[in-house]
Amino acid sequence: MSFTFSLGRLGRRVLGGTMLAALLAPLWLQSPVVHAQQKERLLNLYSSRHYSSDQELYDTFTRQTGIKVNQIQAGDEALLERLKSEGKASPADVILLADAARLWKAQNEGLLQPALSEVLRAAIPPEFQADQLWFGLTTRARLIVFDPTKIKAEQIQRYEDLASPALKGKVCTRSGTHPYMLSLLASIVAHQGEQKAEAWAKGVVANLARTPRGGDTDQIKGVISGECAVALTNSYYLVRLLKSPKTEERESAARLGVVWPNQSSSGTHINISGGGIARHAPHPEEARRFLEFLASPAAQAALANSNNEWPVARNVQINNPELTRLGQFKAEKLPVSALGKHQPAAARIMDRAGWR
Ligand code: FE
């Protein structure tokens, strides 16, 4: 304290205006070269992607560009809350979220700025991007897995069938408050309206084998253990088990029945993970380069090969036999932003249905 004071007085008496200004100026004004280097080399990533293989991809980006990626990981909702409370002081540059509705929410709450990038615009199909504010990077399908010794595939060809009284006590799902379930319900609202969506949610709740808990992998394992006969999961969790280093997991996953729901109607529900540049990004240029990197053919292939998702970019060569073996299917034709639009209705329905 006394040092600071005497320096100030010294400045006023001895050093004169220019030097005093230099002393009192913020550090970044004094050393533009250091600042430029820091700006070149750093990127703050807020990510709700929770897949360990992503780090290898970020390391590749750092090797190629010299830009270090500082990652903060949390759930979608927690990240959005954090961004809001940090406001203009937020250090976030890139926001990656694992659900289209949450990206839509980030857009609506003004947490993103446009990424003006011809590379992104050209690489990512229009249905997977919104106003240059966010960009889908991978797609995933929500599919039905079942125990073929207990249920016939014909019984569960549609999401609607999970509400059938014939499945009483047989269905496992994760919480109705989770984005994956909310987005599925939002898509049902989009296709069929709120009334039918609510009847469906109530029917599924009436069929639950247990109180919703755990992630998608826990639902698959619930079918394997016999606790339930049928469950919903994102495609990559199933593929991950099919590729498990544990023989027992691999073999029990291979014994499951798998259905691409709604092939003769609206198509299987698709969601994305994706990202955008934070509204107050201190390093917007690095953020844009990072998103462009993730949309590049090599990174798109890496995401597919390591995390078993599908690339959003077209004509990407992937090398993932277990993923490829899942085969082709009819995906729902719904702009992913519709999932966000119907999310508030979906949340109200989940609440009324008691799908906790
Ligand atoms: Fe996930």
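For an aromatic pair to be called close, the ring centres must be under 6.0 Å apart, and Y159 with W260 fails this. Here the two rings, on F61 and F290, have centers that are under 6.0 Å apart.
Here L323 contributes atom CG and K243 contributes atom NZ; the two are 7.5 Å apart, rounded to the nearest 0.5 Å. For the atom pair CD1 (I124) and CD (E127), the distance works out to 11.0 Å, reported to the nearest 0.5 Å. Put simply, CE on M181 and CZ on R142 are 5.5 Å apart, with the number rounded to the nearest 0.5 Å. Note that OH of Y58 is 5.0 Å distant from CD of Q71, once rounded to the nearest 0.5 Å. Atoms CD and CD1, on Q195 and I349 in that order, are 10.0 Å from each other to the nearest 0.5 Å. Expressed to the nearest 0.5 Å, how far CG of L241 lies from CD1 of I224 amounts to 5.5 Å.
Residue pairs meeting the side chain to side chain donor-acceptor pair (under 3.5 Å) criterion with at least one partner in residues 345-356, sequence neighbours excluded, are T173-W355, E198-R352, D351-R356. Screening residues 76-158 for disulfide bond (SG atoms under 2.5 Å apart), with sequence neighbours left out, gives no hits. Note on residues 48-107: no pairs pass disulfide bond (SG atoms under 2.5 Å apart), not counting sequence neighbours. Screening residues 56-118 for disulfide bond (SG atoms under 2.5 Å apart) gives no qualifying pairs among residues at least two apart or on separate chains. Note on residues 118-193: pairs passing disulfide bond (SG atoms under 2.5 Å apart), not counting sequence neighbours, are C172-C228.
A salt bridge links K105 with E77: at least one charged nitrogen is closer than 4.0 Å to a carboxylate oxygen. Ion pair R213/D218 not flagged as a salt bridge, since none of the NZ, NE, NH1 or NH2 atoms sits closer than 4.0 Å to an Asp/Glu carboxylate oxygen. Salt-bridge formation is detected for the pair E292/R288: a Lys NZ or Arg NE/NH1/NH2 atom is positioned less than 4.0 Å from an Asp or Glu carboxylate oxygen.
With contacts defined as side-chain heavy-atom distances shorter than 4.5 Å, the pair D54/L303 qualifies. Under the 4.5 Å side-chain criterion, counting only non-hydrogen atoms from C-beta, S252 is not in contact with L256. Contact check for I144 versus V258: no side-chain heavy atoms found under the 4.5 Å cut-off. Counting only heavy atoms from C-beta outward, the side chains of I272 and T138 never approach each other to under 4.5 Å. Inter-residue side-chain proximity for E332 and T268 is flagged as unmet; no heavy-atom pair is nearer than 4.5 Å. Put simply, the side chain of Q129 reaches to within 4.5 Å of the side chain of R121, judged on heavy atoms. Counting heavy atoms from C-beta on, the side chains of N234 and N271 never come closer than 4.5 Å. In this structure the side chain of R41 never reaches within 4.5 angstrom of the side chain of I67, judged on heavy atoms.
Among all heavy-atom pairs drawn from S265 and K330, the shortest one is O-NZ, 2.6 Å. Across all non-hydrogen atoms, the minimal contact from L133 to L112 is O-CD1, 3.6 Å. Of all the heavy atoms in A302 and L57, the pair that sits closest is CB-CD1, 3.6 Å. Scanning all heavy atoms of the two residues, the minimum distance from M350 to G176 falls at CG-O, 3.3 Å. For the residue pair A115 and I277, the shortest heavy atom distance occurs at CB-CD1, 3.7 Å. Considering every non-hydrogen atom in both D99 and S183, the closest pair reads OD1-OG, 2.6 Å.
Side-chain atoms of D161 and Q157 form no donor-acceptor pair, as typed in the model, at a separation below 3.5 Å.
For NZ of K341, the number of neighbouring non-hydrogen atoms (other residues, nucleotides, ligands) closer than 6.0 Å is 12 at most. The number of heavy atoms from other shown groups lying within 6.0 Å of CZ (R279) does not exceed 12. With a 6.0 Å radius and a threshold of 12 heavy atoms from other residues, nucleotides or ligands, K84 has its NZ atom above the threshold. Within a 6.0 Å radius of CD in Q317, other residues, nucleotides and ligands contribute 12 heavy atoms or fewer.
Under the 4.5 Å side-chain contact rule for hydrophobic residues, V145 and V259 do not share a cluster. Taking hydrophobic clusters as Ile, Leu, Val, Met, Phe, Trp and Tyr residues chained together by side-chain heavy-atom distances below 4.5 Å, V204 shares a cluster with I156. No continuous path of ILVMFWY side-chain contacts below 4.5 Å connects L120 to V316, so the two sit in separate hydrophobic clusters. Two different hydrophobic clusters hold L184 and L238 under the rule that ILVMFWY side chains link at heavy-atom gaps under 4.5 Å. Clustering ILVMFWY residues whenever any of their side-chain heavy atoms sit less than 4.5 angstrom apart, transitively, puts L45 in the very cluster that holds I95.
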field: Full working for side chain to side chain contact (heavy atoms under 4.5 Å, CB included) between R102 and L182
entry: CA-CA 10 Å; R102 297 296 155 101; L182 284 167; 3.6 Å; yes
- prompt: L242 and R325: side chain to side chain contact (heavy atoms under 4.5 Å, CB included), yes or no, with the steps?
  reply: CA-CA 11 Å; L242 290 167; R325 213 172 291 140; over 6 Å; no
task: Starting from the C-alpha separation in whole Å, work towards a yes-or-no answer on side chain to side chain contact (heavy atoms under 4.5 Å, CB included) for L167 and Q155.
output: CA-CA 9 Å; L167 296 185; Q155 287 179 269; 4.2 Å; yes
- prompt: Going through the distances and angles, do F128 and W310 end up as a ring pair (Phe, Tyr, Trp, His ring centres under 6.0 Å)?
  reply: CA-CA 13 Å; F128 295 131; W310 290 286; over 10 Å; no
message: What verdict does the side chain to side chain contact (heavy atoms under 4.5 Å, CB included) test give for R82 and Y46, after you've listed the backbone C-alpha separation in whole Å, the side-chain angles of each residue and the deciding distance to 0.1 Å?
response: CA-CA 10 Å; R82 182 170 176 159; Y46 282 22; 3.6 Å; yes
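In this structure, Y236 and Y180 have perpendicular ring planes: the angle between them is above 60°, well past the 30° mark.
Remark: S244 engages K246, E249, R250 in a side-chain contact (heavy atoms from CB on, under 4.5 Å) (not counting sequence neighbours).
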